[in-house]
Each structure stands twice: as structure tokens, then as C-alpha cells.
Amino acid sequence: MPAVLSPHAPAQTFEIRPLDAPLGAEVIGLDISKPINDADFARIHRAHLDHHVVVFRGQQVSPDAHVGFSRRFGPLEIHVLHQYHLAGHPEILIVSNIKENGEPIGLGDAGAYWHSDISYKPKPSLGSLLHAQELPTEGGDTLFANQHLAWEALSPTLQRRILPLKAEHSYLAKYEELRAKNPWRPKLSQEQVDQVSPAVQPVVRTHPETGRKALFVSEHFTTGIVGLPREEGDALLAELFAHSVKPEFVYRHRWQPHDLVFWDNRSVMHLAAGTPDHLRRKLYRTTIQGDTPF
């Protein structure tokens, strides 16, 4: 996997263009399947920290290259839904609404609620990389919400109130609700349930590389505020959920063929906007392990 160890590779010529949005930049001209030297990698890393979502255009690359490039940022997660791992590449989760022989080939309702990936583990994800394989002619967009801006837009009074608070996150929070809507979503084995015990996270996290604060609660995984009565905690979460995804914080990504989108789960939440059932959509996702939020 050439992207992993290539500090002295020839420089690649590429451009980083900020998007006209509350977050995001696109990278034009880079080929992630080729060796990437340390200076070029440093530019990519900086763009990811500065813009939170980086769109690498035109990446006609193999799963090996996708995994190798992802590993440059850290160890990779193995998703609990082993049913939807790409054969031979357990680091890749298939995100797809396609059915073959009556069975789904991937997780078709991934991103049905706003969330940050793997926030339900003690060490949530650093970031995720989603690579377009097959795109619908309409729909299929992905929305990203800048949680640094969401934090900064709160009133000082609300900032002071929530800064010391912690919240529980659970992978199971909406799992059965999703299964009721999508009966093909697999019933979890006890072994899988044991892999996703709830975790407690700060309501406001500090980015470990930039020092910026961000809201860190989501409608998908956050189940309650630790130490607050249920009614009070639920009301506060409802207020934060609504605030965190206001239009002024959101970028809508309209996928182009062979896009590879790399987002920072410490800085953003994301949501799948939905795809018409009769149109095929398939993407491959890797997820980078992170560290303990503070």
C-alpha cells in the first residue's frame, strides 16, 4: 500500500480549494494511490484540520489504496456490522441500498440521523473516508454540520451551562427503530451488543490538534445528560440538537463520480439526505480510530 510509507516520494501537483460553505475544501489533482511524500501529506492534514471536510476528486482507486491512504492518519476501526464488510477488506464498510438475490449488500440506512461516527465508544473516531463507487442520478447527498461554529454561536450563558456536562452515547439508541423501518437491518448478536456498550462523553469536546471547542451530542447516539433529571436533560438535548444543525452551519455535498470525502468526526456531524429506493447507490467507508474526548 504505497500511501503508507513514502516520506521521500516525488511531489504531486494538486490544488486545495475552499468551498463556498461553512466548512469544506476540495483537493484537485492528487492521486491517493500514488506515494505521497511528507510535505504533501502535511498539506492534506492541514487542510483537514482547517476545513473539517476534504473532498478528493476523481479517485479511481482500489480498496487497497483507499485503506492504505486512510491508515496514513491512524489505525482503522472494524465496524460492528461485520455483515457489511467488503470481502477481503474488513476495514471497509459497504454503504449501499443495493440488494442482490433479495439481500442487501451493504448498510442502506447509514446516516439516517445526524451523528458523529463511533461517538458511542470510549475513543470515538478521528475521521471517516467515504469513496463513491456507484451513484444515483438523483438524491444521495450527504450533509455536514460544523460543530465548532455551533458551539461559538451559543449564548455565553448556555456555553457556561453545558461546558461541564457529560452525556451518554449508545449505538443501540435508535437501532430497533431503524430495524422497524428497514427489516433487512440485521439483528445484533450478543457478541455484537457487547462490542458497543454505552460510553460517556463531554457535551463539549476540545479538538486535540487545534484546541477548538465543538458541540459533541447527536440525535442518533446521545441518550441523556449525566446527572440531570430526565425531563430537564431531554429538553436541553432537544435544544442542542436543533441548534447544532442550523442551515448556517451546514454544507451539502453533492457527490461526483469517484469522490473520496474525508471528514473530521471531532469537528462535524453528518447526515445522509436519502436516495430514491429504485436508484442504486454504493460507497465504501473506512473509519480512523481517535482518542478519548476531553
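Keep in mind it's a predicted model, so treat the numbers as computed, not measured.
Two rings, from F73 and F41, have their centers less than 6.0 Å apart. The aromatic ring centroids of H243 and F249 lie less than 6.0 Å from each other. Within the 6.0 Å centre-distance limit, the rings of H48 and F262 are counted as a close aromatic pair. Checked against the 6.0 Å centroid criterion, the rings of H52 and H148 qualify as a close aromatic pair.
For L279 against T275, the heavy-atom pair with the smallest separation is O-CG2, 3.7 Å. Of all non-hydrogen atoms in T206 and G211, the two that sit nearest each other are CG2-O, 3.5 Å. Across all non-hydrogen atoms, the minimal contact from P186 to Y175 is O-OH, 2.6 Å. Across G29 and Q12, no two heavy atoms sit closer than the pair O-OE1, 4.1 Å. For R281 against N97, the heavy-atom pair with the smallest separation is N-OD1, 2.9 Å. Here the shortest heavy-atom pairing between A9 and P35 reads CB-CB, 3.4 Å.
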>> As a quick check of understanding, evaluate side-chain contact (heavy atoms from CB on, under 4.5 Å) for D50 and T210, giving each step before the final call.
In response: CA-CA 9 Å; D50 290 345; T210 68; over 6 Å; no
> Passes side-chain contact (heavy atoms from CB on, under 4.5 Å), K121 versus Q289? Steps please.
Replying inline: CA-CA 10 Å; K121 286 191 175 183; Q289 293 177 13; over 6 Å; no
>> V245 vs L271, test: side-chain contact (heavy atoms from CB on, under 4.5 Å). Steps then yes/no.
In response: CA-CA 10 Å; V245 296; L271 174 76; over 6 Å; no
> Can you list the steps and then say if Q256 with E26 is a side chain to side chain donor-acceptor pair (under 3.5 Å)?
Replying inline: CA-CA 12 Å; Q256 297 179 19; E26 58 180 356; 5.4 Å; no
>> Working note: T287 + H79, criterion side chain to side chain donor-acceptor pair (under 3.5 Å); need CA distance, chi angles, decisive distance, verdict.
In response: CA-CA 8 Å; T287 304; H79 197 277; over 6 Å; no
>> Run the side-chain contact (heavy atoms from CB on, under 4.5 Å) test on I16 and R46 for me, step by step, so that the C-alpha distance in whole Å, both residues' side-chain angles and the decisive distance to 0.1 Å come before the verdict.
In response: CA-CA 10 Å; I16 297 171; R46 187 70 251 169; over 6 Å; no
> Does the side chain to side chain donor-acceptor pair (under 3.5 Å) test come out yes or no for N265 and S125, once each step is laid out?
Replying inline: CA-CA 6 Å; N265 281 305; S125 163; 2.9 Å; yes
>> H89 vs D64, test: side chain to side chain donor-acceptor pair (under 3.5 Å). Steps then yes/no.
In response: CA-CA 8 Å; H89 295 87; D64 276 345; 2.8 Å; yes
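Of the possible polar contacts, none joining the H220 side chain to the S218 backbone as a donor-acceptor pair under 3.5 Å is found. Not a single donor-acceptor pair under 3.5 Å links the side chain of H115 to the backbone N or O of D117. The closest donor-acceptor contact from the side chain of R72 to the backbone of I36 lies under 3.5 Å. Under a 3.5 Å cut-off, the side chain of E168 and the backbone N or O of V226 do not form any donor-acceptor pair. Panel note: side chain Q59, backbone R57; a donor-acceptor pair is recorded below 3.5 Å. Put simply, the side chain of N182 never gets that close to the backbone of W184: no donor and acceptor are under 3.5 Å apart.
Between L23 and H51, the closest side-chain pair of non-hydrogen atoms is not below 4.5 Å. Side-chain atoms of T223 and P198, non-hydrogen and from C-beta on, never get closer than 4.5 Å to each other.
The CZ atom of R285 lies 14.0 Å from the OG atom of S96; values are rounded to the nearest 0.5 Å. For the atom pair CH2 of W151 and OG of S267, the computed distance is 14.5 Å after rounding to the nearest 0.5 Å. Here the straight-line distance linking atom OG of S116 with atom CZ of F216 works out to 4.5 Å at 0.5 Å rounding. Here N37 contributes atom CG and R43 contributes atom CZ; the two are 10.5 Å apart, rounded to the nearest 0.5 Å. Here the OG1-CD1 distance, from T286 to I78, works out to 10.5 Å after rounding to the nearest 0.5 Å. Taking CG of D259 as the reference point, atom CG of L135 lies at 7.5 Å (rounded to 0.5 Å).
Under the 4.5 Å side-chain heavy-atom criterion for Ile, Leu, Val, Met, Phe, Trp and Tyr, Y284 and I288 are members of the same hydrophobic cluster. The cluster map of Ile, Leu, Val, Met, Phe, Trp and Tyr, joined by side-chain heavy atoms under 4.5 Å apart, puts L178 and F221 in different clusters. Cluster annotation: L165 and M269 are assigned to distinct hydrophobic clusters (Ile/Leu/Val/Met/Phe/Trp/Tyr, side-chain heavy-atom contacts under 4.5 Å, transitive). Under a hydrophobic-cluster definition in which Ile, Leu, Val, Met, Phe, Trp and Tyr are linked whenever side-chain heavy atoms come within less than 4.5 Å, directly or via other members, V95 and V53 are assigned to the same cluster. L107 is connected to Y171 through a chain of hydrophobic side-chain contacts under 4.5 Å among Ile, Leu, Val, Met, Phe, Trp and Tyr, so both are in one cluster.
Between D109 and R185 there is a salt bridge, since at least one side-chain N of the basic residue sits less than 4.0 Å from a carboxylate O of the acidic one. Residues K99 and D277 are not paired through a salt bridge, judged by the lack of any N-O separation under 4.0 Å between the basic side chain and the carboxylate. Under 4.0 Å is where a charged nitrogen must lie from a carboxylate oxygen, and between K174 and E219 no such pair does.
For D194, the CG atom is densely surrounded, since the number of other residues' heavy atoms within 6.0 Å is greater than 12. Within a 6.0 Å radius of CD in E232, other residues, nucleotides and ligands contribute more than 12 heavy atoms. Other residues, nucleotides and ligands place no more than 12 heavy atoms under 6.0 Å from the CD atom of E191.
For the side chain to side chain contact (heavy atoms under 4.5 Å, CB included) test with F14, the passing option among D31, I28, I44 is I44; the others fail.
By the 30° and 60° cut-offs, the orientation of the rings of F144 relative to W263 is tilted.
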